[in-house]
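In each ligand, atom 1 is the first atom listed, and ligand 1 is the first ligand listed. Throughout, numbering of the chain's residues begins at 1 and tracks the sequence.
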Amino acid sequence: MAEPHIELRNVYRTVTRQAGTSVRSEILRGVNLNVLKGELITIMGPSGAGKSTLLRLINRLTEADSGTILLDSANIKDYDPRELRRRVGMVFQIPVVFKGSVRDNLAFGTKLWNTDADIEALAAEAAIPGELMDADAAHLSVGEKQRVCIARALANKPEALLLDEPTSALDKASAEKVESLLLRLQSERHLTMLWVTHDQAQARRISRHNYVLEDGKLREEHG
Ligand code: ADP
């Protein structure tokens with residue numbers, strides 16, 4: 001049996017919601033998950049179920065109350081958080097670009113080891129056309145911004161990507177482009193992907209391993 005790449009064991013997480021008086025609410029109640037290297041799984045579930053929280057736990061943007069999360073069989077707490085986030089990248093629903101051109105965005109944080117040719121290659125890999133490279137990133141369409149964010153995540157040469165509804169802020173044509181880009185990257189780079197979506201048709205189209213997070217528990221959907 002193959003070793004899991006990312007594994008969650010009995011993970012709990014409580015949040016304090018402010019609703020007049022603050023209410024403690026256990027949103028993850030013993031979540032277990034095994035994702036193999038190069039596997040793409042989807043996570044669906046009602047709004048507020050804790051899907052984003054679950055992803056954010058995996059690269060330590062937030063912390064579990066109890067339970068264990070493993071990357072390559074080692075506790076994620078034993079990694080330097082920067083190293084963890086390099087290996088496990090994240091793409092959000094709303095793409096956020098930095099000030100400057102598309103080229104500046106791709107060079108950001110990678111200047112020390114990426115040459116101009118590397119940056120061009122990165123753009124090509126994320127299907128960013130050459131004529132956009134010197135455009136102001138703030139003026140891109142949302143779909144183009146999302147491709148810039150994906151390219152930035154790729155610059156770190158990740159092994160895994162956490163995708164938090166990466167296509168749901170996009171129009172249909174851009175969503176299709178970003179979906180096929182991510183699927184191509186997954187197969188070419190053998191990336192492990194945890195992909196949160198509210199679109200059941202998308203979940204079925206992109207993976208045979210579909211999970212639902214509901215009432216604090218993660219269960220695999222069959223059929
Ligand atoms: P989903 O992605 O499934 O819509 P989230 O993980 O974004 O759900 O949020 C789950 C619930 O936890 C929501 O009610 C949200 O407001 C709450 N929540 C998430 N993180 C925090 C936090 N750090 N502090 C307080 N409440 C939070």
Does anything in residues 65-101 pair up under ring-ring contact (aromatic ring centres under 6.0 Å, His included), and if so which pairs, sequence neighbours excluded? F98-F108
Sequence neighbours left out, what passes salt bridge (Lys or Arg N to Asp or Glu O under 4.0 Å) with D136? Give chain and number order. none
Mind checking what residues have non-hydrogen atoms under 4.0 angstrom from ligand 1? R13, V15, T16, R17, I27, P46, S47, G48, A49, G50, K51, S52, T53
Say whether N105 and R152, considering side chains only, have a donor N or O and an acceptor N or O under 3.5 Å apart. yes
Residue list, side chain to side chain donor-acceptor pair (under 3.5 Å) with N210, at least two apart or on another chain: T42
Any sub-3.5 Å donor-acceptor pair from R29's side-chain atoms to N10's backbone N or O? no
Contact between R82 and R87 at the side-chain level, heavy atoms closer than 4.5 Å - yes or no? no
